[in-house]
J.: 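Before we start, here is the structure in question, set down as structure tokens.
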Number of protein chains: 2
Amino acid sequence: MGTPTSLPSNKTIFKKGELAKYLYRVESGCIRAYSKLNGGRRRIHAFYFPGEYFGLETSEVHSIFVETVEPSIVHLVKRKALVSRSALDIDIVNFLLHITTMELQRIQNHNLLLLKGVPERLVDFLREIQRRYQSQSEVDLPMPRSDIADYLGLTIETVSRAFTRLKKLQLFPC
Amino acid sequence: MGTPTSLPSNKTIFKKGELAKYLYRVESGCIRAYSKLNGGRRRIHAFYFPGEYFGLETSEVHSIFVETVEPSIVHLVKRKALVSRSALDIDIVNFLLHITTMELQRIQNHNLLLLKGVPERLVDFLREIQRRYQSQSEVDLPMPRSDIADYLGLTIETVSRAFTRLKKLQLFPC
DNA sequence: CGAGACATTGAACCCCCTCAACTAGTGTGG
DNA sequence: CCACACTAGTTGAGGGGGTTCAATGTCTCG
């Protein structure tokens with residue numbers, strides 16, 4: 001279901017303020033969603049991986065920016081079609097409720113992450129990536145340090161140092 | 001709709017791991033929802049004020065702790081009744097979708113709050129309280145400093161110092 | 001009055017940020 | 001092929017803001 005679209009790296013999918021026409025499903029690649037903070041800083045709310053949905057909005061316009069991290073394929077589903085069908089089809093509403101709930105859970109976890117110590121944040125992040133890629137082996141991260149930093153609420157230097165410490169202690173298979 | 005229940009101050013409404021039997025609506029008072037972090041620390045996710053809903057859960061059991069902050073009256077709605085009716089009544093599902101979306105929005109705002117500077121966090125917090133109480137005048141806060149600290153991701157000392165600075169500068173009507 | 005909870009204030013420390021230098025990989029043009 | 005530039009990442013030194021620890025203040029309730 002939906003139209004598959006192939007996108008290059010660092011390609012804007014939608015911007016804050018634009019009309020929210022679609023709901024998106026990641027087929028392959030990696031997506032980042034972020035806000036711009038006062039002070040020119042950037043806050044990454046989420047990464048989306050294959051099989052996951054994004055573009056969910058509470059209003060008619062997007063409240064965040066979304067881009068590809070690496071070359072990706074995404075499926076587009078028209079919101080209008082969903083909304084009009086949801087008036088008749090209870091499964092559609094339940095589907096929307098389900099992905100909204102998933103999003104809620106994800107954000108709550110992210111929230112808790114930001115209270116932990118630096119090494120724990122990074123380890124949690126790596127573990128979650130691994131889990132969501134459904135990979136037992138090592139995952140090479142698709143996103144640069146700056147993305148990780150903005151997701152973990154740190155600077156790239158702190159992230160880099162945390163990686164080095166982790167590698168030295170060999171506490172995590174990188 | 002729902003059964004009204006009167007509760008004293010600092011009364012547990014439900015704990016993590018308990019069966020999620022009800023959806024709750026605040027009639028009067030103030031409610032806090034929190035998680036316990038490793039290290040004995042506490043993270044307050046949200047306060048709920050009159051007219052707002054809580055107890056929303058993604059699974060069958062509660063994932064957080066919820067208590068009264070002050071003497072409160074809450075209405076209980078049986079989840080089972082909601083769920084069984086939602087299979088037939090699309091308005092119920094839409095209602096659930098709506099309060100889930102509200103919750104999502106609230107958490108996103110809270111998330112952004114934690115990246116700001118200390119004085120801004122406090123001001124934002126006070127403004128939000130004022131807004132949600134629908135009060136133009138001063139609001140005396142129902143919760144102790146420790147609750148505010150755990151909500152803003154700070155210590156009680158830092159919160160106290162921020163209050164003092166705010167009062168001295170008279171930037172906020174306290 | 002004294003006890004206990006809550007709040008405020010001060011001093012020292014620690015951790016992360018900032019600024020800066022350096023390395024490594026990649027691509028471009030002469 | 002080499003020189004240069006550009007980007008991403010790493011590492012070091014210094015400074016600042018929040019935490020920690022400790023003392024004091026304030027209020028209520030016995």
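So you know, we letter chains A, B, ... as the sequences are listed, proteins then strands, and number each from 1.
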J.: So which heavy atom on His110(B) is nearest to which on Tyr151(B), and how close?
T.: NE2-O, 2.8 Å
J.: In whole Å, I'd like the distance from the CD1 atom of Ile148(B) to the C1' atom of dC6(C).
T.: 12 Å
J.: Provide, to the nearest angstrom, the distance between the NZ atom belonging to Lys116(B) and the C1' atom belonging to dG17(D).
T.: 19 Å
J.: What is the distance, to the nearest angstrom, from the CD1 atom on Ile156(A) to the P atom on dT7(D)?
T.: 13 Å
J.: Please tell me which of the listed nucleotides, dT10(D), dT19(D), dA7(C), lies nearest to the side chain of Arg145(A)?
T.: dT10(D)
J.: Do we see a donor-acceptor contact under 3.5 Å between the side chains of Tyr53(A) and Glu103(A)?
T.: no
J.: Donor-acceptor pair under 3.5 Å: do we get one between Arg41(A)'s side chain and the base of dT18(C)?
T.: no
J.: In whole angstrom, what separates Phe163(A)'s CZ from dT11(D)'s C1'?
T.: 16 Å
J.: Without decimals, in angstroms, what is the distance between Leu166(B) CG and dT8(C) P?
T.: 12 Å
J.: Between dT9(C), dT19(D), dC6(C), which nucleotide gets closest to the side-chain atoms of Pro144(B)?
T.: dC6(C)
J.: Tell me whether the OP1 or OP2 atom of dC17(C) has a side-chain N or O from Thr155(A) closer than 4.0 Å.
T.: yes
J.: Quick one: Arg165(A) CZ to dT10(D) P, roughly how many Å, whole number?
T.: 13 Å
J.: What about Arg161(B), does its side chain sit under 3.5 Å from the base of dG10(C) through a donor-acceptor pair?
T.: yes
J.: Does either side chain, that of Ser35(A) or that of His45(A), offer a donor lying less than 3.5 Å from an acceptor on the other one?
T.: yes
J.: Once you round it to whole Å, what is the distance between P of dA5(C) and CG of Asp147(B)?
T.: 16 Å
J.: Can you figure out which of dC17(C), dT8(C), dT20(D) approaches the side chain of Thr158(A) most closely?
T.: dC17(C)
J.: With a 3.5 Å cut-off and no angle check, do the side chains of His62(B) and Glu57(B) form a donor-acceptor pair?
T.: yes
J.: Rounded to whole Å, how long is the line connecting atom CG of Leu122(A) with atom C1' of dC16(C)?
T.: 15 Å
J.: Is there a side-chain contact between Thr164(A) and the phosphate of dT11(D), meaning an N or O under 4.0 Å from OP1 or OP2?
T.: yes
J.: Given dC16(C), dT20(D), dT8(C), identify the nucleotide with an atom nearest to the side chain of Glu157(B).
T.: dT20(D)
J.: Using distance alone, with no hydrogens and no angle criterion, decide if Asn111(A) and Arg106(A) have a side-chain donor and acceptor under 3.5 Å apart.
T.: no
J.: Could you please name the option among dT8(C), dT19(D), dT11(D) that lies closest to any side-chain atom of Leu154(B)?
T.: dT19(D)
